[in-house]
Trainee: 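Take this structure first; my questions come after.
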Amino acid sequence: MGYSVGQVAGFAGVTVRTLHHYDKAGLLSPSDRSPAGYRLYGDADLARLQQILFYRELGFPLDEIATILEDPQANALDQLRARHRLLTEQITKLQRLVEVAEQAMEVQQTGVRLTPEERFEVFGEIAFDLSYATEAQLKWRHSEGHQRSMARAATHSKEDWAQIMAEAAAWRQRLTAAFDAGEPADGERAMDLAEEHRRHISRWFTPCPTAMHGRIADDFAADPRAFALVVPPSEQRPALAAYLRTAVHANAVRQADASGES
């Protein structure tokens, strides 16, 4: 049974123009004819087309495909190995481009403008989860405080970030010490640490009223990726995020009482 060029194009997923091109190039020509004289593709032609499409999918140029299919001495395995090496090199190059794109995205979403080497030097274990940064950008994109924080972060130098991280590390040490000592989350020591954290945000990023600080702490307790931005996994304890959240909200009540708010 023979198949017309239109039929073959349809079930092979190629265009009629492509089949005509293969014909003109001498790569694949219909071997049968209909009673009316129309050229038709036979089963052997379809098998050859399948091979052509396989090699094309791997990126082989048509002249190399012709050599593989026509020359009995041609070593298809050697050709495939060479193509494998080339594809591996291309994948490596594309992966580098993906990393560059991710770094560019991270700059836009976290506001941190440092080289990868500087990031490792300054941040250590503290890592920006790109998926979390993307979600945060979408969640808070209309927030004036978030926009101000991102803009301010983009202006910080390497020295600024080193100071920020040094202050944060000292604060984390005091926080975990209070937690380990069994200090109540709504006690003075824990609330003082919460207030210190709030002022740290205000000093380096954006004015942080207690209501905003409460939302930030809620996020710490709800999303491990958010909490990892302030306490790396190696320093975390079970329930520490919830402890900090309680301290933040208790401090908000204390601040309101001190200012005479209801």
Side-chain angles (χ1 to χ4, degrees), residues 1-120 123 127-139 141 223-225 228 233:
M1 180 179 179
Y3 303 91
S4 69
V5 64
Q7 288 175 313
V8 173
F11 55 66
V14 298
T15 65
V16 170
R17 182 178 180 180
T18 294
L19 292 175
H20 285 160
H21 179 63
Y22 291 168
D23 188 4
K24 291 179 181 178
L27 191 61
L28 176 67
S29 299
S31 58
D32 295 337
R33 286 188 180 275
S34 71
Y38 294 108
R39 301 178 74 185
L40 300 175
Y41 292 88
D43 290 340
D45 300 327
L46 297 182
R48 184 179 177 87
L49 175 60
Q50 189 174 34
Q51 289 181 292
I52 293 169
L53 296 179
F54 167 73
Y55 287 115
R56 285 297 289 159
E57 186 70 20
L58 292 177
F60 281 90
L62 295 183
D63 58 343
E64 290 187 21
I65 295 175
T67 299
I68 294 172
L69 297 182
E70 298 298 337
D71 185 356
Q73 302 304 315
N75 192 326
L77 182 58
D78 286 345
Q79 295 277 3
L80 288 169
R81 283 173 174 161
R83 180 58 49 174
H84 179 272
R85 287 194 297 271
L86 178 60
L87 290 173
T88 300
E89 292 171 0
Q90 292 175 342
I91 289 170
T92 301
K93 180 179 180 181
L94 289 172
Q95 185 58 48
R96 287 198 297 267
L97 291 175
V98 168
E99 292 171 359
V100 169
E102 287 180 345
Q103 290 168 13
M105 290 166 61
E106 192 170 346
V107 165
Q108 295 301 317
Q109 293 163 347
T110 66
V112 180
R113 299 182 183 275
L114 299 176
T115 67
E117 292 77 12
E118 289 173 333
R119 285 172 182 269
F120 184 81
F123 292 105
F128 289 94
D129 187 305
L130 192 57
S131 65
Y132 175 75
T134 301
E135 291 173 19
Q137 180 74 3
L138 293 173
K139 182 179 180 181
R141 64 185 182 278
D223 194 327
R225 298 171 301 173

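FYI, side chains are in, hydrogens and waters are out, and symmetry mates aren't considered; it's all heavy atoms of this structure.
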Trainee: Report yes if some heavy atom in the side chain of Leu46 is under 4.5 Å from a heavy atom in the side chain of Gln50; otherwise report no.
Mentor: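 A side-chain contact under 4.5 Å is absent here.
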
Trainee: In the structure I gave you, are the side-chain heavy atoms of Asp23 and Ser29 within less than 4.5 Å of one another anywhere?
Mentor: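 Asp23 vs Ser29: side chains touch.
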
Trainee: Using every non-hydrogen atom in the two residues, find where Arg83 and Leu58 come nearest and quote the distance to one decimal.
Mentor: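 Closest approach of Arg83 to Leu58: CD-O, 3.0 Å.
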
Trainee: Do the non-hydrogen side-chain atoms of Gln51 and Ile68 ever get within less than 4.5 Å of each other?
Mentor: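 When only atoms from C-beta onward are counted, Ile68 and Gln51 do not touch, as no gap falls below 4.5 Å.
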
Trainee: Using ring-ring contact (aromatic ring centres under 6.0 Å, His included) as the criterion, list what pairs up with Tyr22, not counting sequence neighbours.
Mentor: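 If we apply the ring-ring contact (aromatic ring centres under 6.0 Å, His included) test to Tyr22, skipping adjacent residues, there are no hits.
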
Trainee: Within this structure, what is the CD1-CG distance for the pair Ile65 and Leu27, rounded to the nearest 0.5 Å?
Mentor: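 With rounding to 0.5 Å, CD1 (Ile65) is 6.5 Å from CG (Leu27).
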
Trainee: Report the distance from atom CG of Leu53 to atom CG of Leu49, rounding to the nearest 0.5 Å.
Mentor: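 Output value for this atom pair is 4.0 Å.
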
Trainee: Could you tell me if the side chain of Glu89 sits less than 4.5 Å from the side chain of Thr92, heavy atoms only?
Mentor: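 Thr92 vs Glu89: side chains apart.
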
Trainee: Spell out, as yes or no, whether a donor-acceptor pair under 3.5 Å connects the side chain of Gln7 to the backbone of Ser4.
Mentor: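 Side chain of Gln7 to backbone of Ser4: a pair is present.
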
Trainee: Find out whether Tyr55 and Leu80 are in side-chain contact, i.e. whether some heavy atom of one side chain is under 4.5 Å from a heavy atom of the other.
Mentor: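 Yes. Closest side-chain heavy atoms under 4.5 Å.
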
Trainee: State the NE2-NZ distance between His20 and Lys24, to the nearest 0.5 angstrom.
Mentor: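 It comes to 8.0 Å.
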
Trainee: Within a strict 4.5 Å, meaning less than it, do heavy atoms of the Asp45 and Tyr3 side chains meet?
Mentor: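 They are not in side-chain contact.
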
